[in-house]
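Naming: A, B, ... by sequence-line order, numbering from 1 per chain.
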Amino acid sequence: MADGTIFEERGLQAAAVITDSFHATARAMARVRGFPDYRVAAVTNPIGSLDMDGVRQRAREALPQVLEILGITDIRDVPGE
Amino acid sequence: MASQTETEFTEDDLRKARRAIEHCFESGWTDGLPVVPPIPEFVDEFLAHTRRAPGQVLCTAPHLQRECTVRDAAANAVMAGCKPEYFQTFIAVVEAFSKIGPVMSQSTTGRAFAIVINGPVRGRIGINCTHNILGPGDRANSTIGRALRLVLLNVFDIRPHALDQSTHGTPSKYCLCFGENEEESPWEPLHVELGSPREASTVTIQQARSTLHIDHRTTQVPEEILYTIARSMSYAGHQTASASAGGRILQTSGVFHKNLGCIVVLGPEHARHISKGGWSKQEVIRFLFEHWGSSAGELRRCGGELDEIKGLSDDAFVPAAAVPESIKVVVAGANNAGESTLLLGYGPCAGPRLIEEA
C-alpha cells in the first residue's frame, strides 16, 4: 500500500493489490499517506498456501480491478502492448 | 497502602485523578491499561534528565511520515509510568529501535521488541536481572518496555485494527525489557561481546515473536542442555514460518535466512553447568547454530517440500540460519533452577546503543 502511494506521488500510476483481510490496514495506510480515497484491488484471502491454480484464480480476481484503477478499458491501451 | 494514600490525598483529588486517567483512555493514548496523564510539567521533569534538545528526532518512519522526538519519547515515558531517571535509558531504547524500524511492528506475526540492558545503569535505576525478569513486578523493566510500545501506538499510530496487522500478537508486546545477570554469568556480557567497554551501559534490541520456556533440571552435561535448547529453537511452527518466506530460509544467502534471530536467555544454573564443562560462549553459540534446524523429512511432513530440499534424503539436516551471529546468548534470570527461555524472531539485533550520562 505505501509503495503504491509513493509511486503515485512520483507520478507513476500504480495499483496496490491486497487480500480482503487487509482492508482496514489499507484504509489506515492510505489515510496516513495522504490518499484517503485511495482505491485498492482486493482478492480473497489467503495467498501463501495456494497452489498454482489457486494463484491464477486470484490473478483473475485482481485483473479487472487493477485495470479499472489504472483507467484501462481496453487491454490494447496498455503502453507497449 | 490505603492509610498512606488517605493521608496524602483527599478523595476529591483521587476522583480528579481517575477522571484524568479516563480522559487518556477516551483520547486513545493507552495500550489498554491506565497511563499517567502527561502534563507538560511531568514531561519537563524527564527532559531535565538529558542534554538532548526536545525537538531532536530519535526515530523516523518515512513510510508513515512520522517521527519520534525527544519530547515525544518523554511524554510516552511519563505515560508508561517511568521515573524521570529512566529517561536516558529510554532515549537509547528508542535510538536502538530506530535501527530496526517501526515498519517491522506492523507484521501479521505481531512482533514484540526484546530490550536487553547491560552495564552499571542496571543497578542505578533498578533494572531486574534475576528473578522473574520476563514477568511483572519491577518498575524499571515494566515501564521502560511499556514506553516503547506506547511510542509505537501514540507516535507512529501503529494500532490494532489499522496499521498493526497482528493476527494474535503476544503479551510481550506490552513490555519485554530485562537486564543481563552479568554478576552470575561465567562469560563476557552481551555488550562486551558486541564491542562495548565493560563499564559502558547499553541497550540492545531484538525483535521477538514469542517466548518459549525450556525446563531441564536433570542433567549437568553441557551437550545435553545445549541440545535441548537447540531442538527447542527448531520447533516446527518457526521452521515453517521461515519456509513460507518464499522458501528463502533454505538458501545459504537469502535475506530472511540471514536475518533469523534468536536470543537465548540462559538461566545462570544452565550457564554454570555449561561453563564448568569448559565451554566458552562462542562455543555455545556455535553448537546451537549447528543444531538449529530440521531434517528434510520433518520439513516435508510439515508441508515444506521446497525446491531447495528436493533430492535431499529425509534424514539430511537443513540448518535454520546461515550465520552463528543470528544467535545471541544472554545470561539472565534467577540462579535457582535449570531453566532458560528463548526469544525467537526475525531480524538483526540493534545495538549495543550507549546510554548517555546526564
Please check if the number of heavy atoms outside F7(A) that lie under 6.0 Å from its CZ is greater than 12.
no
I'd like to know which of A24(A), S49(A), A26(A), A2(A) tops the heavy-atom pair count under 4.5 Å against chain B.
A24(A)
Around atom CD of E68(A), are there more than 12 heavy atoms of other residues, nucleotides or ligands at under 6.0 Å?
no
Chain A: which of Q106(B), H161(B), H63(B), R66(B) shares the most heavy-atom pairs with it under 4.5 Å?
H63(B)
Contacting region of P160(B) [heavy-atom separation from chain A under 4.5 Å]:
neither
If you measure from CZ on R31(A) to CG on L163(B), what distance do you get to the nearest 0.5 Å?
8.0 Å
For V32(A) and Q65(B), which heavy atoms make the closest approach, and how far apart are they?
O-OE1, 3.0 Å
